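Taking it in order: structure first as structure tokens, then the write-up.
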2 protein chains.
Amino acid sequence: MARLPGYLRALTALASDGTLSVSSEELASAAGVSSAMLRKDLSHLGSYGVRGVGYDVDRLASEIAAALGLTQDWPVAIVGMGNLGRALAAYRGFAERGFRVIALLDRDERVVGEVIAGTRVRSTADLPDLVERDGLAIGVIATPPEGAQEACDTLVDAGVRSVLNFAPVVLTVPDEVVVRTVDLSTELQILAFHGQRLAVAEAVAP
Amino acid sequence: MARLPGYLRALTALASDGTLSVSSEELASAAGVSSAMLRKDLSHLGSYGVRGVGYDVDRLASEIAAALGLTQDWPVAIVGMGNLGRALAAYRGFAERGFRVIALLDRDERVVGEVIAGTRVRSTADLPDLVERDGLAIGVIATPPEGAQEACDTLVDAGVRSVLNFAPVVLTVPDEVVVRTVDLSTELQILAFHGQRLAVAEAVAP
DNA sequence: GTCACTTTGTGCCTGTCTTCACAAAGTCGT
DNA sequence: ACGACTTTGTGAAGACAGGCACAAAGTGAC
């Protein structure tokens, strides 16, 4: 379920505040959902709550982490060392939450060998090796739109079956591969849409 | 509708290929949706298709752009000049799609004045001015999680009503303000979840 | 002018996701 | 040990999005 990471985040925050137990109501509001939804989601994981009391923060956090598969670590490779790729390579947010960036890759031999954020850029030809030897499981595509499908194919051929795509294109992949696309321009366009609706509403009833 | 930006992207690609007319089937597959859904979505905008022929690419692109409010420009400010903020400041993707980054802001006076990607960092205290004088409408939050709510409040108080949030927190805002949150770790956790499901499925039926 | 063909727009149905509301279950004070 | 209170877990109802399938509408050939 796509909301579990949100719950885990809220639980981690509570745990670091020293809270031991939390009700569905409190946790739901911290995660920005309704309490009924939270309870239903959690009930799918099993019954980890105690009626009349609530949920044990640490216990629930472990259960969710286990459900998400966060007990093992998931090596990540970033493909495409343009602007966005370099930014992602320098971003510490991945490591902070347990995702180890084990390789920076680029197709262009002129970029290969360059050192970015302390890591030497390698060739995309090394991908099969990374999957085989280092257990690489997640690929991040930060190439320009033109190169995204090719980068994706290379990842998939090497055995990667989870892809996080930042390029503004629709990627075609086999059924067993999961792609999640994050497109910053799309997000801004949706915000522009709301901005315009607001402006129109204001013009009608100022 | 959240799919309009995807349609617009596909149409722009078609237009640059010189295509003049497109059927719902073709456009749907380019945008990665079903043709029935595409037609239903477009029918909400009005009847811009011709039965037996399809849609005029340029015409439809203009209509969608107008619906999204992309006929005017939407000035953007980025708040928080940490790792992620600097990366976003250097990212050209915004400008390429018509969103002008007019200001880089930080709360910390030691960062103010620094020049990043050719722009001088200003203080968040300048926000009311930016809204008033430059028509700032969209704020991007790239602060650490602890500072995100404060940054958001500052934006809202200054009159910004569309916020793109990269911090992994749930922001509380008045009803008229729209927040879209993009959390890279959440995306990776969802991928980890799928990765684990795949591994489990394989263990059961190898 | 008519007919065969293509493709849109849309009413209906189906499955999923959300919310409501309450019974079951456990705690704490006396 | 009992009873009042709190909070979970869940069945049933409701809302909503997506897909199917077909009638309406337009094109182009003859």
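Just so we're on the same page: letters track the sequence lines, and every chain starts at 1. Just so you know, these numbers come straight off a predicted model, no measurement behind them.
Enclosure of atom CD in A/Glu132 is not indicated, since only 12 or fewer non-hydrogen atoms of other residues, nucleotides or ligands lie within 6.0 angstrom. Within 6.0 Å of atom CD in A/Glu176, more than 12 heavy atoms from other residues, nucleotides or ligands are found, so the atom counts as buried in its surroundings. Within 6.0 Å of the CZ atom in B/Arg107, the count of heavy atoms belonging to other residues, nucleotides or ligands does not exceed 12.
Salt bridge A/Arg161/B/Glu202: present, at least one basic N to carboxylate O contact under 4.0 Å.
For A/Val57 against A/Ser21, the heavy-atom pair with the smallest separation is CG2-N, 3.8 Å. In this structure, A/Leu38 and A/Val33 approach most closely via the heavy-atom pair CB-CG2, 4.3 Å.
Near DNA chain C, meaning a heavy atom under 4.0 Å away, the residues from residues 10-42 of chain B are B/Ser23, B/Ser24, B/Arg39, B/Lys40.
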Which parts of nucleotides 24-30 of chain D does protein reach within less than 4.0 Å, heavy atoms only, written one letter per nucleotide 5' to 3' as B for base, S for sugar-phosphate only and - for none? BBSS---
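Phosphate proximity of C/dG9 to B/Tyr55: present, with a side-chain N or O under 4.0 Å from OP1 or OP2. Between B/Arg3 and the phosphate of D/dG18, there is a side-chain N or O to OP1/OP2 separation shorter than 4.0 Å.
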Does the pair A/Glu187 and A/Asp183 meet the rule for a side-chain contact (heavy atoms from CB on, under 4.5 Å), with working shown? CA-CA 7 Å; A/Glu187 296 298 326; A/Asp183 181 356; over 6 Å; no
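In this structure, B/His44 places its NE2 atom 11 Å from C1' of C/dG9, rounding to the nearest Å.
A ring pair (Phe, Tyr, Trp, His ring centres under 6.0 Å) check over residues 78-102 of chain A, counting only residues at least two apart or in different chains, returns the pairs A/Tyr91-A/Phe94.
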